[in-house]
Amino acid sequence: MEVVMEFEPDKLERAKKRVEELKGFYIHMAVYVVVNVFILVNIYLRTDYFWQWPHFVTLFGWGLGLGFHAAKVFGFNPMFGRKWEERQIQKYIDKDKEEAKKYK
């Protein structure tokens, strides 16, 4: 028995967009791991002084970018998170109510 589900067009589009964002992040993460492992293994095999900052610049710089990508995809924003947005919205609603009281 097949279950047929009908979705509202906007919900379906949002779900598709979300899946594409997740897929993009996981591809980004996989490429990050493969490329950085390749770079670090080559450096390790070709030098006597592996533990030097310049050998890890790509790892840390790209890792920072990957972290920002993850924060965007998974909705992590400690400075401007959901609670901050709710407080700002409530502030503007309260301000509009005060303005409306002036004209009653």
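A distance of 5.0 Å separates CG in Leu66 from NE2 in His28, rounded to the nearest 0.5 Å. Trp62 CH2 to Phe56 CZ: the interatomic distance, rounded to the nearest 0.5 Å, is 16.0 Å. Atom OH of Tyr49 and atom CD1 of Ile43 lie 15.5 Å apart (nearest 0.5 Å). Distance CG/Asp94 to CD1/Ile89: 12.0 Å, rounded to 0.5 Å. In this structure, the separation between CD on Glu85 and NZ on Lys83 is 13.0 Å, given to the nearest 0.5 Å. With values rounded to the nearest 0.5 angstrom, Gln90 atom CD is found 12.0 Å from Arg87 atom CZ.
No more than 12 heavy-atom neighbours from other residues, nucleotides or ligands sit within 6.0 angstrom of CZ on Phe76. Atom CH2 of Trp53 has more than 12 heavy atoms from other residues, nucleotides or ligands within 6.0 Å. Remark: Tyr44 OH is loosely packed, at most 12 non-hydrogen atoms of other residues, nucleotides or ligands lying under 6.0 Å away.
At least one donor-acceptor pair closer than 3.5 Å links the side chain of Arg18 to the backbone N or O of Val73.
Residues Ile27 and Lys23 are in side-chain contact: their nearest non-hydrogen atoms beyond the backbone lie under 4.5 Å apart. Two residues are said to be in side-chain contact when any heavy atoms from C-beta on lie closer than 4.5 Å; Lys72 and Glu21 meet this criterion. In this structure, Gln52 and Thr47 have side chains that are not in contact, with every pair of non-hydrogen atoms separated by 4.5 Å or more.
Clustering ILVMFWY residues whenever any of their side-chain heavy atoms sit less than 4.5 angstrom apart, transitively, puts Leu64 in a cluster other than the one holding Met29. Transitive grouping of hydrophobic side chains (ILVMFWY, heavy atoms separated by less than 4.5 Å) brings Val57 and Leu40 into a common cluster. Both Phe50 and Phe60 belong to a single network of hydrophobic side chains, linked directly or stepwise wherever heavy atoms of I, L, V, M, F, W or Y lie under 4.5 Å apart. Cluster annotation: Tyr26 and Val34 are assigned to distinct hydrophobic clusters (Ile/Leu/Val/Met/Phe/Trp/Tyr, side-chain heavy-atom contacts under 4.5 Å, transitive).
The two atoms that bring Ala70 and Phe25 nearest to each other are CB-CE1, 3.5 Å, heavy atoms only. Closest approach of Phe74 to Leu22, counting heavy atoms only: CE2-CD2, 3.6 Å.
Taking 4.0 Å as the cut-off between side-chain N and carboxylate O, Glu98 and Lys101 count as a salt-bridged pair.
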